[in-house]
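As structure tokens, the structure follows; a few thoughts come after it.
Read the numbers this way: they start at 1 and go in the same order the structure lists the ligands and their atoms.
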Amino acid sequence: MMRFDVFTLFPSLLTSPLQESILKRAIELGRLSVVVHNIRDYATDKHHVTDDLPYGGGGGMVMKPEPVFAAVEDILSEEREAKSEGHTGTPALHTPHSTFHIPRPPIILLTPQGRLFTQAVARELATHDRIVLICGRYEGVDERVRQFLATDEISIGDYVLTGGELPALVVIDAVTRLLPGVLGDPGATLDDSHTDALLEYPHYTRPANFRGQTVPQVLLSGDHAQVDRWRREQSLRRTWERRPDLLPKARLSQADRELLARLAQESAGGVSSSSFD
Ligand code: SAH
């Protein structure tokens with residue numbers, strides 16, 4: 001079971017993506033739990049103010065540190081107490097170790113200044129059983145949240161969004177599909193793009209002829225070895241055409257290397273290979 005604790009000023013932004021399709025099923029299957037916490041509930045003043053003007057002037061608002069610290073610390077300490085109480089009540093359920101040392105989950109700040117989120121990072125996060133995500137808004141959060149509360153910082157790409165909620169959902173979605181039992185077919189993620197630094201081969205489904213465009217014959221042949229070879233070739237070809245920067249990280253066989261050499265020759269010989277046909 002993977003548990004995400006999401007801290008946000010806009011909890012309802014998280015709702016609908018968790019209520020559809022695979023994320024919904026993962027929750028129903030008990031593989032995923034997403035607990036959304038409203039940072040505003042932890043603002044202690046009368047008007048529940050969570051943002052303020054930036055020191056030094058300039059435009060925009062900055063999220064205040066106190067409610068963010070209070071929210072995250074409250075939720076994490078609550079869990080610790082619940083766990084140690086559980087231990088005294090029902091010792092058989094816990095190892096003695098867990099009573100004395102309950103490790104803190106990673107506390108991830110979503111920020112365009114964080115390390116880039118990739119499939120490798122998703123795989124790394126999928127090894128945890130609990131992850132805390134902090135969503136910023138406005139100009140971002142007070143720097144002390146980054147320095148003294150967060151243990152990790154993730155960016156979903158080199159662009160700036162209005163808040164960390166969509167990035168949080170991106171992380172939750174990518175991690176969840178890697179959890180055992182979430183996708184119907186356990187092998188389904190193995191061929192996915194970026195799993196082995198290669199883009200995936202193209203997919204076709206019925207009809208075999210759509211507006212005169214036919215499915216590659218080999219896919220209809222029933223010859224699995226041939227299909228596998230074709231898919232590998234397509235995968236290499238696509239990566240070579242679209243994302244050659246990925247290839248140095250791929251694990252390539254001798255046959256793979258020969259194919260890539262052939263592609264290089266073809267293009268040097270002026271045979272057209274448009275990038276996005
Ligand atoms: N002024 C900030 C950006 C603030 S954007 C800066 O230049 O660094 C407001 C919030 O949206 C951020 O605090 C962050 O939580 C979220 N956000 C925006 N773009 C993001 C991205 N690419 N990845 C992750 N979070 C992002």
Side-chain angles (χ1 to χ4, degrees), residues 2-18 23 32 34-43 45 48-76 104-128 130-179 192-194 243 245-246:
M2 165 68 86
R3 169 171 170 163
F4 286 95
D5 286 274
V6 186
F7 293 83
T8 169
L9 288 173
F10 298 94
S12 57
L13 279 177
L14 277 295
T15 317
S16 122
L18 300 170
L23 295 185
L32 169 69
V34 181
V35 188
V36 183
H37 309 278
N38 191 340
I39 295 169
R40 194 170 303 281
D41 295 343
Y42 292 85
D45 64 297
H48 295 281
V49 174
T50 56
D51 58 336
D52 205 338
L53 296 165
Y55 274 119
M61 298 299 274
V62 176
M63 279 172 66
K64 291 163 66 60
E66 309 96 307
V68 180
F69 272 81
V72 173
E73 285 171 351
D74 182 59
I75 294 305
L76 290 185
R104 271 203 156 191
I107 302 175
I108 302 175
L109 176 66
L110 282 321
T111 160
Q113 304 184 18
R115 60 183 176 132
L116 267 189
F117 190 59
T118 61
Q119 192 64 18
V121 175
R123 273 198 300 273
E124 171 200 320
L125 296 184
T127 64
H128 293 279
R130 188 170 185 195
I131 290 172
V132 171
L133 299 172
I134 302 174
C135 306
R137 277 269 149 187
Y138 320 119
E139 283 306 313
V141 295
D142 184 285
E143 180 68 3
R144 288 161 291 187
V145 170
R146 187 188 72 72
Q147 288 179 297
F148 303 114
L149 184 62
T151 60
D152 194 0
E153 297 166 54
I154 286 182
S155 163
I156 63 159
D158 290 341
Y159 40 81
V160 180
L161 300 162
T162 57
E165 291 76 14
L166 293 176
L169 285 165
V170 166
V171 170
I172 292 170
D173 190 297
V175 169
T176 301
R177 85 193 271 297
L178 295 174
L179 302 176
D192 277 340
S193 299
H194 303 296
R243 293 293 306 276
D245 58 300
L246 297 175

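Contact annotation for Thr111 and ligand 1: only backbone heavy atoms (N, CA, C, O) come within less than 4.0 Å of the ligand. Residue contacts with ligand 1, taken as heavy atom pairs separated by less than 4.0 Å, involve Pro167 solely via side-chain atoms from C-beta onward. Contacts between Met63 and ligand 1 below 4.0 angstrom, taking non-hydrogen atoms only, are absent altogether. When heavy-atom distances to ligand 1 are checked against a 4.0 Å cut-off, Ile154 comes that close only through its backbone atoms N, CA, C and O.
For the residue pair Phe117 and Ile156, the shortest heavy atom distance occurs at CB-CA, 4.1 Å. Between Leu13 and Arg137 the shortest heavy-atom distance is CD1-NH2, 3.3 Å. The nearest pair of heavy atoms linking Ala174 to Ala122 is CB-CB, 4.2 Å. Heavy atoms only, all atoms of each residue included: His194 and Arg243 are closest at CE1-NH1, 4.1 Å.
For atom 18 (C) of ligand 1, the closest heavy atom belonging to the protein is Leu161 N, 3.2 Å. With hydrogens left out, the protein atom closest to atom 20 (C) of ligand 1 is Pro112 CD, 3.6 Å, a heavy atom. Atom 23 (N) of ligand 1 has Ile156 N, 3.1 Å as its closest protein atom, hydrogens excluded (heavy atom only). In terms of protein heavy-atom proximity, atom 1 (N) of ligand 1 is nearest to Glu139 O, 2.9 Å.
Below 4.0 Å from some heavy atom of Gly136 lie the following atoms of ligand 1, by number and element: 10 (C), 11 (O), 13 (O), 15 (O). With ligand atoms numbered from 1 in the order given, ligand 1 contributes 14 (C), 15 (O), 24 (C), 25 (N) to contacts under 4.0 Å with heavy atoms of Leu110. Atoms of ligand 1 found under 4.0 Å from any heavy atom of Gly157, numbered from 1 in the order shown, are 22 (N). Near Gln113, meaning under 4.0 Å from any of its heavy atoms, are these atoms of ligand 1: 6 (C), 8 (O). Of all the atoms in ligand 1, the ones that sit under 4.0 Å from a non-hydrogen atom of Tyr159 are 19 (N), 21 (C), 22 (N). The contact set between ligand 1 and Gly163, taken as ligand atoms under 4.0 Å from a residue heavy atom, comprises 10 (C), 11 (O), 16 (C), 17 (N). The atoms of ligand 1 that sit less than 4.0 Å from any heavy atom of Gly164 are 11 (O), 15 (O), 16 (C). Near Gly140, meaning under 4.0 Å from any of its heavy atoms, are these atoms of ligand 1: 13 (O).
Separating the CD1 atom in Ile134 from the CG atom in Asp152 is a distance of 11.0 Å, to the nearest 0.5 Å. The CZ atom of Arg177 lies 4.0 Å from the CG atom of Asp192; values are rounded to the nearest 0.5 Å. Note that the CZ atom of Arg146 and the CD atom of Glu153 stand 5.0 Å from one another [nearest 0.5 Å]. Separating the CZ atom in Arg40 from the CG atom in Leu9 is a distance of 5.5 Å, to the nearest 0.5 Å. Interatomic distance, CD1 of Ile172 versus CG of Leu125, reported as 11.0 Å (0.5 Å rounding).
The shortest heavy-atom distance from Tyr138 to ligand 1 is under 4.0 Å.
Within 6.0 Å of atom CZ in Arg144, 12 or fewer heavy atoms from other residues, nucleotides or ligands are found, so the atom counts as exposed in its surroundings.
With Met63 as the partner, the side chain to side chain contact (heavy atoms under 4.5 Å, CB included) test is satisfied by one option alone out of Val145, Val68, Asp142: Val68.
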